[in-house]
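Worth saying up front: this structure is predicted, and the values here are computed from it rather than measured.
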Amino acid sequence: VGAQCVCVCVCVCVPIGSGGAMSLAFLSSPVAAPGMQSRLGGSPATSFAVVQPPGAVPQSQSMVDHQALAGKETWSRGLLGTGAATTAAAAAIGFGAAFARRKRGRAAIAALHTAGCSGIGAGAASFRRSCGLRAASAAWGAGAKDLRERRRFGLFGRLRRAAEGSAASSESKPAWKGAKLMPTAISIGVGLFIRFVLPIPAGLTGQAWSTLALFVATVCGIVTSPLPPPGVAFCALAVGLVTGTLTFADGVAAFTDEVLWLVLLAFFFTKGFAKTGLGDRIALNLVKKVGNTTLGLAYGLNFAEGALAAGMPSSAARAAGVFYPLVCSVAKASGSDPKQGTEKKTGAFLVQSAFQATGNSSSLWLYGAAQNLLALRLAAQCGYALPSPFISWLKATCLPALAAMALTPLLVYWTLPPQVKETPEAPAEAERKLKEMGPVSRDEGILGAVVAGMLVLWAGSTAFGIPAVTTAILGLVALLFTGTLTWGDCAGEKGAWTTMTWFAILVSMSAMLNKRGIVTWLATTISGMITGAGLSAAPAFFLLLGIYTFSHYAFASQVAHLSALYVPFIAMMVKTGTPPVVAVLSLAIASNIFASLTPYASAQAPVFYGGGYVTLKDWYKLGIIFLVFNLGIWISVGAVWWKVLGLY
């Protein structure tokens with residue numbers, strides 16, 4: 001192939017005249033490609049005799065050599081045309097091969113190979129026109145036969161087979177569908193660094209240190225997402241089992257935990273609200289009554305959201321699944337649409353008001369968010385269990401949560417004022433939707449009665465002696481028995497089973513950290529540093545609470561944040577003098593109110609941000625404003641209220 005390409009390049013690049021002689025001399029030289037010589041007659045000596053003009057007297061070898069050296073212009077012109085066409089043909093097939101590799105198909109090879117052959121035909125025609133020789137036709141006829149062989153064995157055949165082989169190879173190697181490699185490498189690297197680079201502290205065993213490395217690598221994997229969270233959790237469990245860091249019983253112990261089953265059942269009740277439309281009906285009735293002004297509409301929506309939070313324990317489903325579509329519908333009915341550049345009429349204000357209210361409504365009720373239940377379970381692992389959880393939680397949170405919810409629309413009204421203050425369209429839109437829904441259905445009535453009964457049993461769990469998980473199971477059975485929910489509805493709740501799976505494995509690993517002394521060592525070490533810096537209990541509390549809260553900039557999940565940092569920060573607060581109940585509740589509430597910090601801070605945040613009503617700049621600005629505002633309300637009002645309750 002190299003000799004052929006050099007030959008073609010010499011034929012094309014050398015000028016006419018002396019170039020013709022040089023080209024012919026090269027073709028007749030021993031280094032010329034045998035295939036090119038055979039196409040012109042075989043040996044170098046006879047290569048030119050076969051293409052003598054018709055009727056010419058046969059010439060001796062010396063005469064042929066003389067003609068070759070003389071460099072007849074006709075020969076030069078003929079070979080120039082042939083060489084140029086051949087080069088074009090080879091280039092076309094070469095580009096065809098490269099194109100085929102990119103496109104992974106053979107159609108491009110065939111098309112461009114045809115173009116190459118057409119170039120050779122053009123070369124033959126040029127040769128005939130230049131020389132006017134019948135022998136040229138005979139030579140190129142023989143060359144055509146030889147070309148068919150070359151398609152299989154020669155330059156073109158090799159290029160074609162190489163391109164086809166490359167395309168077939170590309171088609172036979174599908175794209176990688178497994179774990180994302182970079183996040184996987186980061187997670188594994190973090191775990192290996194902790195286990196094998198950092199020294200094992202005095203007082204800890206190698207197994208305890210391995211447990212910490214595995215736990216941190218797992219949390220890193222949940223944050224960077226090389227796989228979905230359950231996949232990361234199972235990978236961590238597999239590593240723990242293979243290395244002997246965990247036993248199977250250690251790794252899955254939390255699957256029998258009551259709190260984890262409460263989280264699972266909470267998703268099923270959320271499905272009931274969505275399926276029956278009861279949540280929409282409650283919200284629409286409130287909008288109908290108080291929605292004549294933009295501010296009144298915001299208060300109505302926030303009150304409805306707070307009421308639903310008592311029995312709809314998924315903040316994401318409640319905020320993003322029920323109230324965001326309702327807010328968008330009302331905003332567009334009043335002429336506020338981002339696509340038309342009118343988002344600031346009412347939409348931006350209503351979206352931010354509804355979004356900012358979710359953190360406080362989730363904090364108001366123990367069952368207002370799944371992470372509340374997880375927080376109490378983790379606290380119980382550290383020995384800080386709340387008596388009568390439902391009542392204890394509601395007593396501690398009711399006043400500061402209601403105060404924050406009452407002031408939230410006013411703060412949004414001041415920081416992101418609506419251009420339209422009156423919304424007479426909102427009650428009309430709510431009335432229209434209620435008419436479309438029709439009267440209260442049988443399933444809505446059953447769900448409302450079941451949820452009300454569950455709230456009564458949860459509130460009086462100590463008096464009735466009925467555990468919270470038993471109440472939840474009774475409620476689910478009632479919904480299944482009446483057909484309000486089907487098992488297909490429950491089985492189809494992918495989010496419920498996903499959360500249950502990775503919650504359970506992560507909680508199991510967290511329990512092993514506490515059991516093997518990691519939490520105690522970490523709390524003692526950091527609290528010693530804080531005490532050594534001269535900080536008393538109150539400054540240490542504010543410092544740790546601030547670090548815990550603002551570190552959420554690095555997290556895209558409330559649950560992942562809480563799972564990673566909640567237990568160590570409780571231990572550090574208690575070690576530095578904070579009463580255990582205050583530490584448990586303050587960190588749990590912070591895990592709700594930092595949900596509005598960024599557009600990725602919680603599951604509902606991307607939904608609200610994605611509507612386009614609030615710019616990214618305004619979102620970050622409002623996020624920090626409301627985080628400081630909520631912390632201020634909970635620290636000031638909460639401190640007074642908790643003092644009254646005797647929590648410290």
Side-chain angles (χ1 to χ4, degrees), residues 291 293-302 305-306 315-316 318-363 404-423 425-426 546 549-558 561 590-634:
T293 65
T294 308
L295 190 59
L297 183 58
Y299 274 106
L301 290 171
N302 290 1
E305 208 264 350
S315 56
R318 189 173 66 247
V322 175
F323 284 92
Y324 177 72
L326 184 59
V327 166
C328 286
S329 177
V330 171
K332 289 179 180 178
S334 62
S336 182
D337 190 344
K339 295 180 180 178
Q340 299 175 359
T342 56
E343 64 275 4
K344 291 190 176 181
K345 273 190 172 182
T346 59
F349 166 75
L350 292 175
V351 164
Q352 269 297 308
S353 180
F355 178 66
Q356 296 296 341
T358 303
N360 289 305
S361 64
S362 298
S363 299
M405 291 174 68
L407 294 175
T408 293
L410 291 176
L411 183 57
V412 179
Y413 198 85
W414 176 64
T415 56
L416 197 66
Q419 295 174 346
V420 175
K421 306 298 190 291
E422 304 291 329
T423 54
E425 309 88 355
T549 303
F550 285 95
S551 64
H552 194 63
Y553 274 110
F555 289 87
S557 165
Q558 293 168 268
H561 186 162
S591 300
N592 286 315
I593 61 177
F594 60 40
S596 62
L597 187 58
T598 65
Y600 55 84
S602 57
Q604 62 268 22
V607 178
F608 279 80
Y609 173 70
Y613 284 96
V614 182
T615 65
L616 186 62
K617 178 182 177 181
D618 286 341
W619 197 280
Y620 275 100
K621 181 183 74 174
L622 292 169
I624 190 65
I625 288 173
F626 273 94
L627 184 60
V628 172
F629 161 76
N630 285 319
L631 284 174
I633 292 292
W634 280 92

Under 3.5 Å, which donor-acceptor pairs link side chains of residues 601-615 to any protein atom two or more places apart or in another chain?
| from | atom 1 | to | atom 2 | distance (Å) |
| --- | --- | --- | --- | --- |
| S602 | OG | A595 | O | 3.0 |
| S602 | OG | A605 | N | 3.4 |
| T615 | OG1 | D618 | N | 3.2 |
| T615 | OG1 | D618 | OD2 | 3.3 |

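Note: T549 OG1 to I593 CD1 = 6.0 Å, rounded to the nearest 0.5 Å. Atom CG of L622 and atom CD of Q356 lie 6.5 Å apart (nearest 0.5 Å). Taking CG of L295 as the reference point, atom OG1 of T346 lies at 13.0 Å (rounded to 0.5 Å). Rounded to the nearest 0.5 angstrom, S596 OG and Q352 CD are separated by 8.0 Å. Taking CD1 of I625 as the start and CG of L411 as the end, the distance is 7.0 Å to the nearest 0.5 Å. For the atom pair CZ of F594 and CG of L627, the computed distance is 9.0 Å after rounding to the nearest 0.5 Å.
Shortest non-hydrogen contact noted between N302 and P409 is ND2-CG, 3.4 Å. Heavy atoms only, all atoms of each residue included: V327 and A354 are closest at CG2-CB, 4.0 Å. Residues T294 and V420 share a closest heavy-atom pair of OG1-O, 2.7 Å. For K344 against A348, the heavy-atom pair with the smallest separation is CA-CB, 4.3 Å. Considering every non-hydrogen atom in both K345 and G335, the closest pair reads CD-O, 3.3 Å.
Of the candidates F626, F323, Y324, W619, W619 is the only one forming a ring-ring contact (aromatic ring centres under 6.0 Å, His included) with F355. Only one option out of Y299, F629, Y413 pairs with T408 in a side-chain contact (heavy atoms from CB on, under 4.5 Å); it is F629.
Under the 3.5 Å distance criterion, the side-chain polar atoms of S361 are matched with a main-chain donor or acceptor of T358. A side-chain donor-acceptor contact under 3.5 Å links S336 to the backbone of T342.
The shortest distance between side-chain heavy atoms of F349 and L297 does not fall below 4.5 Å.
The side chain to side chain donor-acceptor pair (under 3.5 Å) search around N592 returns S363, Q371, N372, not counting sequence neighbours.
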List the steps and the verdict of side chain to side chain contact (heavy atoms under 4.5 Å, CB included) for H561 and S591. CA-CA 8 Å; H561 186 162; S591 300; over 6 Å; no
